[in-house]
Amino acid sequence: MEPQTAGINATLSERFEQINRRIASLARDAGRPPEDVRLIAVSKTHPPEILRQAIEAGACEFGENRVQEAEAKIAEVGRERVRWHLIGPLQANKARRAVRLFDVIHTLDSVSLARRLDRLCVEEGRDELSVLIQVDLAGEATKSGVSEEDLPQLVEAVKACERLRLSGLMTLPPFFVDAERVRPFFRRLRELRDKLESDGAFDNQRGALSMGMSHDFEVAIQEGATLVRIGTAIFGERAANE
Ligand SMILES: *Cc1c(COP(=O)(O)O)cnc(C)c1O
């Protein structure tokens, strides 16, 4: 049996490789090609030198949850070798900087934010911006994300935006120690994606499914994740931030 995670003394590059192998084997078990699942290394709280080590190990997609923190790191690490994903909530007053900085925004959750991002793309001379809609499947008032009920309206609004490309759906389910308990949330997100896909919401592509973190990415891949967002299992524990 392959261990779930590399030992405590493993280097960043050993952990990164091990996660990649695990992702590939889970994808194959689910009857999907390994390249169907992309690993986003969640680098929030970690300094640029650690990100450079991750790049050396082969990382090419980073996830950050704060615009300001990401801005400083992107200035140091650059955009040539890396795609930057915003995975944290986006406030209106940071939207312009997000349009300048990020390749993909995973946390679109309102019609007003969609329209603002579209307008800012025009102002900033950006031809297109990939967005995922964050869906709040647990109805947790404290979490961001659009409710399932309001999802169709937001999808229509994004489709009406000239510069936004709807790339898929994202969810952040409640935390359970037993990752099996998140399976219904991941499954539900996939069903929503499938429905939208058959309605042509994703410009003739399959919609991405951004779901799964260090403790539950295995279940997420079994349920169809195409983007997994993994921090702790690659970089180790974070000092308190969120
Ligand atoms: C921090 C974060 C992650 C990564 O969490 P880990 O448990 O460290 O893998 C994934 N998604 C979002 C939205 C996050 O904020």
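Just follow the structure's listing: the first ligand is 1, and inside any ligand the first atom is 1.
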Q: Any atoms of ligand 1 less than 4.0 Å from a non-hydrogen atom of G231? List them with their elements.
A: 4 (C), 6 (P), 8 (O), 9 (O)

**Q.** N or O contact, N65 vs ligand 1, cut-off under 3.5 Å
**A.** no

Q: May I ask you to check whether S214 has an N/O atom sitting below 3.5 Å from an N/O atom of ligand 1?
A: yes

Q) Atoms of ligand 1 less than 4.0 Å from I230 heavy atoms? A) 9 (O)

Q.
For E149, is the CD atom crowded, meaning more than 12 foreign heavy atoms sit under 6.0 Å from it?
A. no

Q: Count the heavy atoms belonging to other residues, nucleotides or ligands that lie under 6.0 Å from CZ of R119, then report whether that count exceeds 12.
A: yes

Q | Side-chain heavy atoms of L101 within contact of V67, under 4.5 Å | A | yes

Q: For R238 and ligand 1, answer yes if some heavy atom of the residue is under 4.0 Å from a ligand atom, otherwise no.
A: yes

Q | Those atoms of ligand 1 less than 4.0 Å from some heavy atom in R229 | A | 4 (C), 9 (O), 10 (C), 11 (N), 12 (C), 13 (C)

Q | Ring geometry between H85 and H106 (parallel below 30°, tilted from 30 to 60°, perpendicular above 60°) | A | perpendicular

Q: Could you tell me whether the side chains of T232 and E237 share a donor-acceptor contact shorter than 3.5 Å?
A: no

Q: Considering the heavy atoms of T232, write down every atom of ligand 1 situated less than 4.0 Å from one of them.
A: 6 (P), 7 (O), 8 (O), 9 (O)

Q) Judged by non-hydrogen atoms, does K44 sit under 4.0 Å from ligand 1? A) yes

Q: Would you confirm whether the ring centroid of F102 sits within less than 6.0 angstrom of the ring centroid of W84?
A: no

